[in-house]
Every structure is written in C-alpha cells, then in structure tokens.
Amino acid sequence: MKGHNNNNEEKKNHIKPVPRDLAVFTGNANPRLAETICGHLGISLGRALVGRFPEGEINIQIQDNIRGKDLFIIQPTCSPTNDNLMELLLLIDAARRASADRITAVVPYYGYARQDRKVRPRVPISAKLVANLIVSAGADRLLTMDLHSGQIQGFFDIPVDHIYSIRAFGTHLNRHGVRNAVVVSPDVGGIKMARAYSKMLDCPLAIIDKRRDSDTQTKVMNVIGSVKGKNVVMVDDLISTGGSMAEAAHALKEEGAKEIIAVVVHPVLAGNAVEKIMNSEIERLIVSDSIPIPDRKRCSKIEVISVAPLLGDVIRRIHQHKSVSSLFAKEAVEA
Ligand code: R5P
C-alpha cells in the first residue's frame, strides 16, 4: 500500500501540466516557411537572435520569455545542412535552459536521411546520429514530413509525428486536372509513395528500375508497366542532382509517354540540378516549400506549393492534444 502511494506521488511529480501557450521560433533555414505557418496559426513568430560570432560559430539568444511555453522550432535541415542542424540543436538547448514546457523540433525536411542503414562496411548511420543529437539537445517531440524512409521514426525514443504532403499536392493536381495519367515511381524505393498517388488520382502505376552507379550517376534499366500514350505524374520524396528524374523522363518518353510532370516534396536541387531539369523532357516540376529555393535556382519549369497550412494544422493539433492521424485518414502512404 505504501509503495502504491509512493508511486502515485512519483507520478504526480512527473506529470507535466497541459501546455497552454503556443510559441513558434525558427533559425535561418527557412524563415519564410516559419512566417507563413505563424500567419496560418494567427500568431507572431517568436523573437530570437540566430547569428554568428566573428569567427563563424553560431550565436543564439531567444529574446522572448518562453517559461512554460509549448514551443515549436521550425528548422528543416537542408543545405547548408551542418549549419542548419547546429542552429536547431542550439535553439533546442536554449529553449530547454529557458524553461520551455515542451519543445517540438519541426523538421519538414530531415537531412542526413539517406544513410539510414549500413549498406557497405565502415559507413555511419547518419540518420540515427542526427536523431540522437536532436533528442540529446532536449527535444520532447519531432514533427517531420515525407521522410526518405519511414523507419527513421524508430531512431527517436520520443514521439514522432511523420506527416505526408500528398494532400497539398493532390489539391494542386486536381485543380489543374490531370487526365489520362499514370503515376510513375522513379525507383523501387518510392513505390509506397507512388501507390498512394495512384490511389488518390485513381490511375495506374508504373515503376522505373533504376541503378545508381554513384552519388551523381544513375541509369534506367527498365520501365515496369505501361506508359504509352499517357500523361505521367512522376513522384519522389526528394530531388538532389536531378539525375534520377531527368534519366527517368527520357526513358518514359522512349516508351511513348506524353506530358511528364514531376512531383517532388523536397527540392534539394544540388549542383546543376536546375539546368538538368530545364534540359530534360520534364514539362513541370512541382515541389513544396519545405526547403527554400534561392532566386538563382528559380526557373520557369519549377512551381512551388506551400505546405505551411498543413504544418500549421498539425502544430495546432499537437498543441491541442488532438489526433494528427485523423488529418491523414485517406492518405496512408505507408499502408
Ligand atoms: C532515392 O532514393 C531518392 O528518392 C531520390 O530519387 C534520389 O535521392 C534523387 O537523387 P538525384 O536527384 O541526385 O538523382
């Protein structure tokens, strides 16, 4: 009986009060996205200095009182990845030391995701190390979107909300009417995502059998499924060098495909990716604003749709302890 009482006492001491005040902060990774999310939530972005010391180290100070706040730090870990990751870690550390009640790292694009297992001897599992860093810094939760591989969720021993942007892209595609379409996955790894799109657009599915020779070189081996005479919606989680998409588009044209639209969540757009897309048989590349596209990389083929309303809805639900999955009931990419 005594033990039972002690337990209750212990539990009481460990129960956190329901967080009442919502606050949103950001580093330098994607301030426009953070501003748009705040606009959607009807709140102002929290004030924080995220600068540099003269020699280049990151200098952080949160300038609002955040004691007892339910804090969301929006920071995709896109390029410059190491700087953006470090800003995120330092913001979390600052928030923890300033007595925020709960800290959610909002990482719409999770960098270092591609090394998520040992595919060769003596390589790191970078995605796991980054998870360890975020948790050690003091995050209580993670909110992320269209992870390169779903199993990265398991690298965190804190709650993870992994959401999909398919709804935002679906609304856009339906508005512009995609007729006589086939959804194509540019590689076997993207099949679950492609299947979810083919279900949503109610059209068939095809897959590219791609071989990766190096980080920048890919080769299409086969197109599995029929694309002849069809308009293609090619979907992927990210576009880096653009090689996979450009190669795939060429193979699809050779198989008799008509218009090719590429839908890619995270526009990493490394090196001369934009040039490759411009010179490819892709007519339009639709991407999200999870990663900002610098002016010098903007081009006539790229259309950006905002995932800020979606992220804002999810943040509101997390804050209000409401179900997040019910927002995505029809869109189970992992199903
Ligand atoms: C691969 O698994 C990914 O989903 C992308 O297809 C790939 O990372 C894109 O890379 P790139 O644009 O450099 O071909």
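In this chain, numbering begins with 1 at the start of the sequence shown.
- Counting all heavy atoms, side chain and backbone alike, His319 lies closest to Asp21 at CE1-C, 3.8 Å.
- Shown here for Val264 and Met245, the closest heavy-atom pair between the two residues is CG2-CE, 3.6 Å.
- Side chain to side chain, Asp146 and His162 fail the donor-acceptor criterion of an N or O pair below 3.5 Å.
- The nearest pair of heavy atoms linking Ala257 to Val232 is CB-CG2, 3.7 Å.
- Residues Asn84 and Gln75 meet the side-chain proximity criterion, which asks for heavy atoms closer than 4.5 Å.
- Salt-bridge check for Asp140 with Arg96: failed, with every basic side-chain N at 4.0 Å or more from each acidic carboxylate O.
- Taking OG1 of Thr77 as the reference point, atom CD1 of Ile134 lies at 6.5 Å (rounded to 0.5 Å).
- If you run side chain to side chain contact (heavy atoms under 4.5 Å, CB included) between Val233 and each of Leu173, Val184, Ile286, only Leu173 comes through.
- With a 6.0 Å radius and a threshold of 12 heavy atoms from other residues, nucleotides or ligands, Glu275 has its CD atom at or below the threshold.
- The pair Asp313-Arg317 fails the salt-bridge criterion, with no side-chain N (NZ, NE, NH1 or NH2) lying under 4.0 Å from an Asp/Glu carboxylate O.
- The structure places CD1 of Ile277 at 14.0 Å from CZ of Arg284, a figure rounded to the nearest 0.5 Å.
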Going through the distances and angles, do Arg195 and Lys199 end up as a side chain to side chain contact (heavy atoms under 4.5 Å, CB included)? CA-CA 6 Å; Arg195 196 188 298 135; Lys199 209 164 132 194; 5.8 Å; no
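- A distance of 11.0 Å separates CG in Leu91 from CE in Met86, rounded to the nearest 0.5 Å.
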Could you walk me through whether Val265 and Met193 pass the side chain to side chain contact (heavy atoms under 4.5 Å, CB included) test, one step at a time? CA-CA 11 Å; Val265 183; Met193 185 180 188; 3.5 Å; yes
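- Residues Arg102 and His321 come closest through the heavy atom pair NH1-CE1, 3.9 Å.
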What's the verdict on side chain to side chain contact (heavy atoms under 4.5 Å, CB included) for Leu285 and Ile239, showing C-alpha distance, side-chain angles and the deciding distance? CA-CA 10 Å; Leu285 168 63; Ile239 177 163; 4.2 Å; yes
Would Met234 and Ser185 satisfy side chain to side chain contact (heavy atoms under 4.5 Å, CB included), going step by step from the backbone distance to the final call? CA-CA 6 Å; Met234 192 159 40; Ser185 174; over 6 Å; no
May I have the step-by-step check of salt bridge (charged side-chain N to carboxylate O under 4.0 Å, His left out) for Asp101 and Lys69, ending in yes or no? CA-CA 5 Å; Asp101 192 67; Lys69 297 273 184 185; over 6 Å; no
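- Proximity of Ser244 to Asp187: side-chain heavy atoms (C-beta onward) are nowhere separated by under 4.5 Å.
- For the salt bridge (Lys or Arg N to Asp or Glu O under 4.0 Å) condition, no pair includes a residue of residues 120-130, sequence neighbours left out.
- Judged by distance alone, the side chains of Ser79 and Thr81 never bring a donor and an acceptor atom under 3.5 Å apart.
- Side-chain heavy atoms closer than 4.5 Å link hydrophobic residues (I, L, V, M, F, W, Y) into clusters, and following such links, even through other members, never connects Ile293 to Val268.
- Other residues, nucleotides and ligands place no more than 12 heavy atoms under 6.0 Å from the CZ atom of Arg32.
- Pairing each heavy atom of Ile158 with each of Leu142, the nearest pair is CD1-N, 4.2 Å.
- Remark: Lys297 NZ is packed, more than 12 non-hydrogen atoms of other residues, nucleotides or ligands lying under 6.0 Å away.
- The two residues Tyr164 and Phe328 have their closest heavy-atom pair at O-CE2, 3.3 Å.
- Counting only heavy atoms from C-beta outward, the side chains of Ile74 and Glu35 never approach each other to under 4.5 Å.
- In this structure, the separation between NZ on Lys258 and CG on Asn180 is 5.5 Å, given to the nearest 0.5 Å.
- Using cut-offs of 30° and 60° for the angle between ring planes, the Tyr110 and Phe156 rings count as perpendicular.
- Between the CZ atom in Phe169 and the OG atom in Ser288 there is a gap of 5.0 Å [rounded to 0.5 Å].
- Glu283 is not listed as a side-chain neighbour of Lys301, based on a closest heavy-atom distance of 4.5 Å or more.
- Residues Asp237 and Tyr109 bring no donor and acceptor atom of their side chains to less than 3.5 Å of each other.
- No side-chain heavy atom of Leu143 sits less than 4.5 Å from a side-chain heavy atom of Val160.
- Taking OG1 of Thr26 as the start and CD of Glu87 as the end, the distance is 8.0 Å to the nearest 0.5 Å.
- When Ile302, Val287, Ile291 are each tested for a side chain to side chain contact (heavy atoms under 4.5 Å, CB included) with Leu269, only one passes: Ile302.
- Side-chain atoms of Lys118 never come within 3.5 Å of backbone atoms of Val123 as a donor-acceptor pair (strictly under, hydrogens ignored).
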Report the C-alpha separation of Arg114 and Ser149 in whole Å, then their side-chain angles, then the decisive distance to 0.1 Å, and conclude whether the side chain to side chain donor-acceptor pair (under 3.5 Å) test is met. CA-CA 8 Å; Arg114 277 170 284 180; Ser149 52; over 6 Å; no
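- A donor-acceptor contact shorter than 3.5 Å is absent between the side chain of Thr241 and the backbone of Ala270.
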